[in-house]
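Following: one structure in structure tokens, then a few remarks.
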Amino acid sequence: MIDVLYFAWVRERIGLPKERVETDAATVADLVAELKSREARYEAAFADPAAIRVALDQELADFDAPLAGAREVAFFPPMTGG
Amino acid sequence: MIDVLYFAWVRERIGLPKERVETDAATVADLVAELKSREARYEAAFADPAAIRVALDQELADFDAPLAGAREVAFFPPMTGG
Amino acid sequence: MSVVRVQSAPFDLGAETGAFAARAAGAGAVVTFTGLVRDDTGDLQAMEIEHYPGMTDRAIRAICDEAATRWSLAETLVIHRHGRLAPNELIMMVATAARHRADAFAAAEYLMDYLKSRAPFWKKEIGATGAAWVAARPEDEDALGRW
Amino acid sequence: MSVVRVQSAPFDLGAETGAFAARAAGAGAVVTFTGLVRDDTGDLQAMEIEHYPGMTDRAIRAICDEAATRWSLAETLVIHRHGRLAPNELIMMVATAARHRADAFAAAEYLMDYLKSRAPFWKKEIGATGAAWVAARPEDEDALGRW
């Protein structure tokens, strides 16, 4: 079980800010593949992986990062602070 | 006749902030030579020309700038504003 | 010392800047940067700033800590707002204090470059005819390369 | 627009910064630099700042004008004090406003580099055991080479 968070247009496309996901995915990329296979709105949100950033337990991470031990993964577009 | 102004340690070495000088000097450097020949305090103030900056009519100038037409010449150390 | 504040409430740039300079006494050089909501089209009604509450504070502190290892800094301050802002409202500010101006300037620019692209904020512009997420600018990502 | 003020009276950094940002509405990015009297030795009683009244204002305006040709600036502000200042008092400030932060930062650094070495101010440090004119630093002259 892992908490999955979405921000900005990723959140809007998926239609929710947060969900708990039951998964055995080994990496972030595996989780994304699993989500995309579930419903069209995930397919739409993750259509262009280059446009998506990932944080694992609130630290920036890569798509090939292992999920083992992580409690929270977040997906969002490139940040636009400042 | 030209107004000659001194600032910072140039002023202190010469002992006054401003004087009117009767001169036929063609350039700033000629005026400096004339002043140095007058008294030891000028000699002391202008001992190292590389340490002195010049303004002619309130614009930075060089020692070889002509004095013709200038109403005011100022001598001072490198500036330390900011 | 680093102070980081992430808040929906407005802040008083004048009061913050005055207090920061007072706290930084002995430093010699204080630089501030302030970002305001800009209305380029004349059509902007509001800017909505979303953030990732669990991550925002720690991400900003990590950027401040890194700045403190790179330059000799007496103090740093980051204030960043989230929520709905009107045109010309202040979005955020950074302040840096150092003995010499080169450190204070470099650290402020570094903080801004990293806050732009590595702190979890997202801006959405709400206009009369629709809303759009602000796209990250390639120049902002490129700017990180200089550090 | 450029505002230049050369004065012996103290100024309120907070109030000036707040008013500047309000005036610069629409600009997006505001950078300020503030210089304070630093006491490196623990011995400083005062700093005396001498200037060349007839030249100061025009020299600063020329620097601001040059900055305005180099970067896209909405507003600039320079305030510089002269006379006798106590440790930790504010000596001067610059503020720049632009659409984008790169312009605001570059212009503020440019103004500071030129004010340091091309505006007719001279600082004297008054300590318990004597007084000494602050020497120009070679790095300050060198800094002009980058523009």
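Predicted, not measured: the structure shown is a model, and the values here were computed from it. Because only heavy atoms are used, hydrogens play no part in the values below, and waters and symmetry mates are left out as well, while side chains stay in.
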[X], part contacting chain B, at a heavy-atom distance under 4.5 Å:
X	result
D:A135	backbone
D:R81	neither
D:H51	backbone
D:A59	neither

Winner by heavy-atom pair count (cut-off under 4.5 Å) against chain B, out of D:M92, D:H82, D:K116: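 Answer, by heavy-atom pair count under 4.5 Å with chain B: D:K116.
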Interface residue of largest heavy-atom contact number with chain B, from D:A62, D:G35, D:A136, under 4.5 Å: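 Most heavy-atom pairs within the cutoff with chain B belong to D:A136.
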Heavy atoms of other groups near B:R71 CZ, more than 12 under 6.0 Å: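 Counting neighbours around CZ of B:R71, 12 or fewer heavy atoms of other residues, nucleotides or ligands fall under 6.0 Å, so no.
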Within 6.0 angstrom of B:D48 CG, more than 12 heavy atoms from elsewhere: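 More than 12 within 6.0 Å, yes.
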Residues D:M55, B:E72; criterion side chain to side chain contact (heavy atoms under 4.5 Å, CB included); working and verdict: CA-CA 11 Å; D:M55 180 177 169; B:E72 182 173 307; over 6 Å; no
Rounded distance [0.5 Å steps], [atom1] in [X] versus [atom2] in [Y]:
X	Y	atom1	atom2	answer
D:Y52	B:F7	OH	CZ	5.5 Å
D:T56	B:M79	OG1	CE	10.5 Å
B:D57	D:R58	CG	CZ	7.5 Å

Pairs of heavy atoms under 4.5 Å with chain D: top-ranked of B:A51, B:A74, B:G82, B:P77: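 Sorted descending by pairs with chain D, the first entry is B:G82.
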Leading residue by heavy atom contact count with chain D [cutoff under 4.5 Å; candidates B:A8, B:A55, B:P78]: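 Of the candidates given, the most pairs with chain D belong to B:A8.
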Side chain to side chain contact (heavy atoms under 4.5 Å, CB included) assessment of D:E50 paired with B:F76: CA-CA 11 Å; D:E50 183 169 337; B:F76 41 77; over 6 Å; no
Heavy-atom pair with the smallest gap, counting every atom of B:T80 and D:V134: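 Scanning both residues completely, I find the closest heavy atoms to be CG2-O, 3.4 Å.
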B:R53 versus chain D, the contacting section by heavy-atom distance below 4.5 Å: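 No part of it gets close to chain D.
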Expected output: side-chain D:K123 to main-chain B:G81 donor-acceptor under 3.5 Å: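 Judged by distance alone, yes, a pair lies under 3.5 Å.
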